[in-house]
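Just so it is clear: chains get the letters A, B, ... in the order the sequence lines come, proteins before strands, and each one is counted from 1.
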Amino acid sequence: MPQLTMVEALNLALGESMAADDRVCIMGEDVGVNGGVFRVTKGLLERFGADRVLDTPLAEDSIIGTAVGMAVYGLKPVAEIQFSGFTMQAFDQIEQNMARLRNRSRSRYPISMVMRAPYGGGIRAVEHHSESREAYWAHTPGLKVVIPSGPRNARALLAASIADPDPVVFYEPKAVYRAFREEVSESPETMEIGKAQIVRPGGDVTLIGYGAMMRPVLEAADDLVEEHGIDVEVIDLLSIKPMDTETLVESVSRTGRCVVVHEGPRMCGIAAEIIARLNEHAFEYLLAPIRRVTGFDIHFPYFQVEKHYLPDSDSIVVAVKETMQWT
Amino acid sequence: MPQLTMVEALNLALGESMAADDRVCIMGEDVGVNGGVFRVTKGLLERFGADRVLDTPLAEDSIIGTAVGMAVYGLKPVAEIQFSGFTMQAFDQIEQNMARLRNRSRSRYPISMVMRAPYGGGIRAVEHHSESREAYWAHTPGLKVVIPSGPRNARALLAASIADPDPVVFYEPKAVYRAFREEVSESPETMEIGKAQIVRPGGDVTLIGYGAMMRPVLEAADDLVEEHGIDVEVIDLLSIKPMDTETLVESVSRTGRCVVVHEGPRMCGIAAEIIARLNEHAFEYLLAPIRRVTGFDIHFPYFQVEKHYLPDSDSIVVAVKETMQWT
Amino acid sequence: MSPRSANSTASAAPVESRPVRVDSNAVETIDLGRVEVIRVLDEKGRVVDASVEPDLPDAELLRIYRGMVRSRRFDQRMLAMQRQGEMGTFAPGLGQEATQIGQVYPMRPSDWYSPSYRSIGAQVWRGWTMEQLLLLWAGYFEGFAIPEVANELPFSIVIGSHVPVATGVAMGIKVRKDDAVVVTNFGDGASSQGVVAEAFNFAAVYKAPIVFIVESNGWAISTPLEKQSGNTVLAARGVGFGIPAVRVDGNDVLGMIAACSRAIDHARGGGGPYLVEAVTYRMSLHTTADDPKVYRKDDEVKAWEGKCPILRFESYLKSRELLDDDAIAQINEEIEAEVIAARDRFRELAVARPEEIFDFVYEQLPEELREQKAEYLERLKRKGVQ
Amino acid sequence: MSPRSANSTASAAPVESRPVRVDSNAVETIDLGRVEVIRVLDEKGRVVDASVEPDLPDAELLRIYRGMVRSRRFDQRMLAMQRQGEMGTFAPGLGQEATQIGQVYPMRPSDWYSPSYRSIGAQVWRGWTMEQLLLLWAGYFEGFAIPEVANELPFSIVIGSHVPVATGVAMGIKVRKDDAVVVTNFGDGASSQGVVAEAFNFAAVYKAPIVFIVESNGWAISTPLEKQSGNTVLAARGVGFGIPAVRVDGNDVLGMIAACSRAIDHARGGGGPYLVEAVTYRMSLHTTADDPKVYRKDDEVKAWEGKCPILRFESYLKSRELLDDDAIAQINEEIEAEVIAARDRFRELAVARPEEIFDFVYEQLPEELREQKAEYLERLKRKGVQ
Ligand SMILES: Cc1ncc(C[n+]2csc(CCOP(=O)(O)OP(=O)(O)O)c2C)c(N)n1
Ligand SMILES: Cc1ncc(C[n+]2csc(CCOP(=O)(O)OP(=O)(O)O)c2C)c(N)n1
Ligand SMILES: [Mg+2]
Ligand SMILES: [Mg+2]
């Protein structure tokens with residue numbers, strides 16, 4: 001089994017999906033000749049030709065709008081937005097057409113498409129290049145939202161997202177793009193959208209994260225287990241919408257304590273939703289308030305200080321310890 | 001004291017603010033000659049002239065973008081988006097400039113401006129005309145978000161929003177525009193942004209709402225008090241961001257039970273945030289899970305059936321009763 | 001001076017430059033070309049430019065005439081129904097019947113049509129039943145079911161938002177080497193939406209087979225064209241994106257057919273997009289929620305009454321002896337009967353289905369929505385709705 | 001046939017129309033006009049069109065020359081620093097020095113400048129210190145502090161997003177009857193953003209005093225102009241919005257000054273917006289994160305080396321005996337010393353202030369953010385950062 005980075009794993013999934021289904025096509029800024037600014041689409045133009053790998057003009061709103069049109073026509077576009085910060089440019093087409101056209105056409109036109117975008121901080125990028133605003137899409141009816149955390153699940157989830165009959169926002173943690181390699185199976189692999197994964201079982205407290213935050217989360221878990229003797233259960237959300245309430249509720253019903261971690265702003269973020277669901281479905285088991293270790297409700301700071309803004313394992317450890325001590 | 005509808009009260013606030021400060025100007029589609037499609041800006045062109053009341057071309061993104069520029073220049077624009085559904089068209093300018101330009105210029109350019117838009121359902125409108133997506137703005141750092149519920153607080157809060165040094169999203173519950181009249185003081189009145197109001201004190205359960213939902217909320221409260229002997233405390237949020245955590249926490253710490261009501265989609269909505277904050281700050285006082293009576297995570301349905309989608313007093317009563325019975 | 005009063009006089013300011021005067025003209029220039037203006041019939045229905053007159057058999061001319069009359073009659077009926085509370089807010093097409101029928105006439109059924117909200121007559125031509133359109137505008141979700149007989153996108157109510165989607169369909173056609181074309185329309189107001197300009201550019205870059213029809217009807221609610229655009233010749237937008245464009249008298253159905261046929265042939269032939277600016281006039285209300293008296297003069301409306309697309313075409317057909325007053329009366333009667341029959345069918349069909357609101361959002365309802373649906377159905381049950 | 005295979009052959013399909021052929025041309029046409037192409041100096045620095053040559057005193061010509069050299073030297077220094085890890089990702093301006101200096105030269109200090117990210121040389125001309133720009137591109141928030149000496153908007157990194165804001169400043173100027181103008185620039189790629197088209201239209205409708213400079217440098221990352229726009233003459237966008245436009249050789253600083261002076265005078269004189277298309281070439285990397293070898297031919301770059309804006313202007317100044325090789329060497333040395341001094345000051349100033357990240361978001365920190373700030377400061381304290 002090859003050892004791949006997330007970039008390579010995503011590239012693999014794209015190539016496999018395109019080979020398997022000739023309706024799958026790729027579009028976006030610099031995705032063709034250049035192979036994408038992060039090289040996720042490298043080599044696909046050469047392999048599949050310019051009718052299936054479309055370098056587009058520089059206009060996100062129309063990248064999504066025309067991708068929706070191609071989906072209406074019966075193709076399965078995978079549209080790349082170069083950085084998730086620029087999905088704002090496409091907000092109207094995402095909300096009004098991508099997320100709605102199935103319903104607006106009373107299912108005559110299912111919109112089977114994927115919007116891929118690298119998201120999140122940690123790579124010393126300039127303004128507007130480090131946002132983590134998946135909560136916008138979670139709040140938008142009609143979409144699915146998927147966020148992988150490593151090469152292997154990235155490959156499987158991207159394949160699943162492309163195959164999905166509904167529009168999927170696929171956010172790629174760019175801090176993980178080349179951060180590590182993982183074994184990825186040689187034959188195509190897929191994963192069910194809508195399922196969270198217990199990546200470390202434990203009995204004392206549930207620690208929930210996703211995407212790039214899984215690294216500090218797992219680091220914190222190791223630390224908590226080894227240094228503090230706290231038996232942490234770690235959940236990787238993987239699918240933000242639909243959210244796997246069942247797995248979350250089952251875990252927190254056992255542990256009674258929970259900490260949720262994400263990069264994005266706190267207010268009305270994913271952690272708020274998780275807390276609301278646990279409050280609804282695991283209230284009687286809660287032994288302590290659920291803690292949020294998240295981005296703050298300020299703009300992502302300029303890159304010399306981003307490492308302080310981003311949740312790190314130390315902050316997670318502190319929050320978990322406080323949660324354990326709560327009485 | 002005159003009895004005004006919300007439309008008239010908003011019109012009054014605009015006129016007063018323009019008369020008091022010659023930097024205040026108004027812009028948007030059909031706001032001038034036509035006085036706005038809901039007549040909120042009626043008569044202002046005649047009173048203040050075309051340099052202060054700008055009928056714009058049909059392009060929301062540039063309405064906000066140019067309003068930001070006018071704020072940079074030192075004016076105080078009040079930009080109207082005809083329906084809140086079309087704020088999607090302006091999402092990039094709102095997020096990237098309106099909400100950020102103060103920070104991006106390190107406070108050289110405070111963006112003292114208001115984006116007004118009618119929001120919400122209940123007026124038998126066509127697609128995209130009934131959205132309630134204030135959570136998008138609550139999740140966006142740099143903004144303030146204000147939603148009045150009646151003529152009197154609409155007038156006072158709009159005046160406060162225009163005077164505010166920061167960018168304010170001012171969402172007007174259009175179902176309330178002409179629904180009832182209220183006494184509005186003859187002299188200019190203002191209200192602090194960031195404060196919730198206890199509109200009915202009570203000891204058994206806290207019922208939180210805002211905007212157009214205050215009508216079914218108050219109806220439900222009456223019903224609960226009169227028919228079921230439940231002493232409901234009702235809070236009108238008024239300011240979504242910043243949110244008055246203190247008042248909410250103080251109330252729920254007393255009552256131990258809480259139901260939150262809004263029209264917008266549930267996932268990552270305002271209720272989720274309220275629950276997260278109460279979980280953090282009033283956990284030890286909670287006697288039952290906090291309930292959400294909100295819009296569902298589907299598109300706002302077409303208008304023959306909207307009344308079933310919108311939270312009504314009956315659903316609120318049921319939720320409160322269940323919350324009271326929870327053990 | 002800016003109210004912000006920037007410190008532009010501080011000491012380290014950039015040096016004031018010496019003013020430069022450039023009075024003369026450069027030697028080299030680039031010619032931007034010309035836009036053809038197409039018109040077959042004048043206001044009296046007389047042929048003014050036979051060079052572009054479409055050569056159509058009598059039966060086709062009468063079919064076109066019927067389409068226009070149907071458009072008008074249906075419109076008037078909807079307005080009456082709206083005034084009686086039987087219909088929601090809608091946008092009458094009065095006065096734009098030639099623009100509407102002229103743009104769909106040259107289409108093949110297998111072509112794709114992506115209209116805005118003021119295209120009800122054209123939708124009927126394309127295969128929508130009138131009862132279904134009544135359902136739609138009366139607020140019943142069933143109205144959105146697109147007729148199986150043709151490739152139609154749902155009408156768009158968000159100004160300009162359908163134009164990139166229509167362009168995407170054309171891009172699909174292009175990459176799959178299909179021989180269909182896409183026709184999409186939008187208003188003069190819509191021409192201000194950035195996404196429409198983006199779509200022009202995408203269509204041009206990919207040479208996508210799409211015809212953009214801008215129905216320049218003088219107004220966008222209360223905003224007159226002169227305040228909408230820095231250049232009121234909207235066909236002039238084409239050259240900037242490399243899209244051939246033509247301007248046409250939108251109240252002349254033969255002119256419309258000529259212009260749109262040329263545009264569609266161009267697109268189908270691999271020439272890429274084409275822009276048609278149809279100059280017409282919104283004779284009626286913006287929508288039934290609007291009062292145009294607040295912002296426009298009666299005189300202006302009066303002047304356009306004389307340019308009525310239906311009267312004009314009638315005169316032409318009379319002059320060709322295809323029509324007389326009796327025939328006109330009879331056609332109107334027949335069509336009125338069609339419209340009434342549609343209204344009656346609508347009344348039978350108009351049953352709200354509140355239980356369906358969850359059913360078309362996703363292919364399969366996710367678990368979390370199943371819970372919400374159950375909660376909602378409980379509510380309906382309590383209300384005795386279901 | 002669409003992969004979706006619509007049932008376009010079903011029975012109730014709209015009737016196939018009779019094809020219409022329109023071969024002839026309409027009698028009436030509308031002339032779209034012409035775009036002037038301005039160029040003062042040819043590639044050898046010889047005056048080719050004296051009719052538009054700006055009449056500038058020697059000292060001014062030398063000041064312009066120095067501005068261009070400073071732009072290049074600073075750029076090269078930043079690149080070296082970036083390669084040594086001292087600088088974040090940035091976009092070199094190599095080859096666009098004439099475009100940059102030519103657009104700001106004719107501005108008054110009290111005018112407003114709203115540049116994109118590739119305008120570092122122009123920003124220095126406008127009063128930004130080099131050390132501050134180094135801070136900015138090295139990721140220190142202090143770098144965003146706008147110099148008090150001039151009306152500058154923060155550079156924009158979101159393509160095209162500053163253009164409506166710049167237009168809004170111009171609208172403010174217009175309604176307050178100020179005599180300033182706004183100059184904004186953006187790339188050929190940015191010309192595809194809908195909001196740029198919207199801003200053109202707003203500016204035209206309000207006759208706002210703004211000059212739009214599109215720096216058409218051949219590429220938007222890997223996308224060549226031919227795949228970016230259906231018409232590679234970006235000046236042609238103007239006519240659709242009623243904006244006068246001119247095309248200029250962007251590597252000819254005198255041509256740039258001529259074109260931009262005309263545009264600025266037009267705007268200041270109440271004529272409304274003006275569009276300047278500067279045809280230039282991005283000689284270097286898109287940004288320091290880019291490898292152009294993947295997508296463009298060396299030959300193309302070679303060809304443009306011969307059109308270097310600095311060499312060209314040097315030849316001209318030499319021919320006017322304002323410069324010789326010694327003077328050039330000396331100027332370069334002086335400027336290099338300035339750049340080095342700035343770098344040294346930057347190194348002293350480059351201290352991160354993580355505790356400040358909450359302080360410029362709102363005028364006053366709301367209560368809920370005070371709590372978050374406290375939480376954050378705790379974190380800094382634990383890390384020993386504060
Ligand atoms: C994005 C958006 N903004 C605003 C509106 C509200 N609105 C509906 S129709 C209209 C005017 C449209 O004018 P035009 O495009 O000329 O079409 P016409 O109504 O004249 O056919 C406006 C502003 C909308 N529906 N969508
Ligand atoms: C809205 C947006 N989309 C994409 C990007 C990523 N990006 C940065 S520069 C660039 C190309 C810009 O090309 P152009 O406008 O021609 O300017 P140039 O770089 O050539 O100066 C792209 C796609 C961005 N910064 N903003
Ligand atoms: Mg119109
Ligand atoms: Mg470029």
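- Contact annotation for C:A180: neither backbone nor side-chain heavy atoms come within less than 4.5 Å of a heavy atom of chain D.
- Of all non-hydrogen atoms in D:A236 and C:V239, the two that sit nearest each other are O-CG1, 4.1 Å.
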Side chain to side chain contact (heavy atoms under 4.5 Å, CB included) assessment of D:R39 paired with C:E28: CA-CA 9 Å; D:R39 188 191 227 191; C:E28 196 188 328; over 6 Å; no

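- Of the listed residues (D:D49, D:V233, D:V40, D:L56), the one with the most heavy-atom contacts under 4.5 Å to chain C is D:D49.
- The shortest heavy-atom contact between D:V205 and C:G230 is CG2-N, 3.8 Å.
- Taking every heavy atom of both residues into account, D:S192 and C:N201 meet most closely at OG-ND2, 3.1 Å.
- Residue D:F200 holds its CZ atom at 11.0 Å from CZ of C:R237, rounded to the nearest 0.5 Å.
- In this structure, D:F241 CZ and C:S191 OG are separated by 8.0 Å, a value rounded to the nearest 0.5 Å.
- For the options D:A235, D:G194, D:G172, D:A245, heavy-atom pairs under 4.5 Å to chain C are most numerous at D:G194.
- Atom CE of residue D:M107 and atom OG of residue C:S17 lie 9.5 Å apart, to the nearest 0.5 angstrom.
- Of the atoms belonging to C:E53, not a single heavy atom falls under 4.5 Å from chain D.
- For chain C, no part of D:P147 is nearby; none of its heavy atoms comes within less than 4.5 Å.
- Comparing C:P57, C:P106, C:A203 by heavy-atom pairs within less than 4.5 Å of chain D, the highest count is held by C:P57.
- Among C:Q193, C:E198, C:R247, the residue with the largest count of heavy-atom pairs under 4.5 Å with chain D is C:E198.
- Residues D:T29 and C:V35 fail the side-chain proximity criterion, which asks for heavy atoms closer than 4.5 Å.
- Looking at every heavy atom in both residues, C:G240 comes nearest to D:S229 through O-OG, 4.3 Å.
- Looking only at heavy-atom pairs under 4.5 Å with chain D, the residue among C:D31, C:I30, C:V104, C:I64 that has the most is C:I30.
- Of the residues considered (D:D55, D:N231, D:V169, D:V48), D:N231 shows the highest number of contacts with chain C, using heavy-atom pairs under 4.5 Å.
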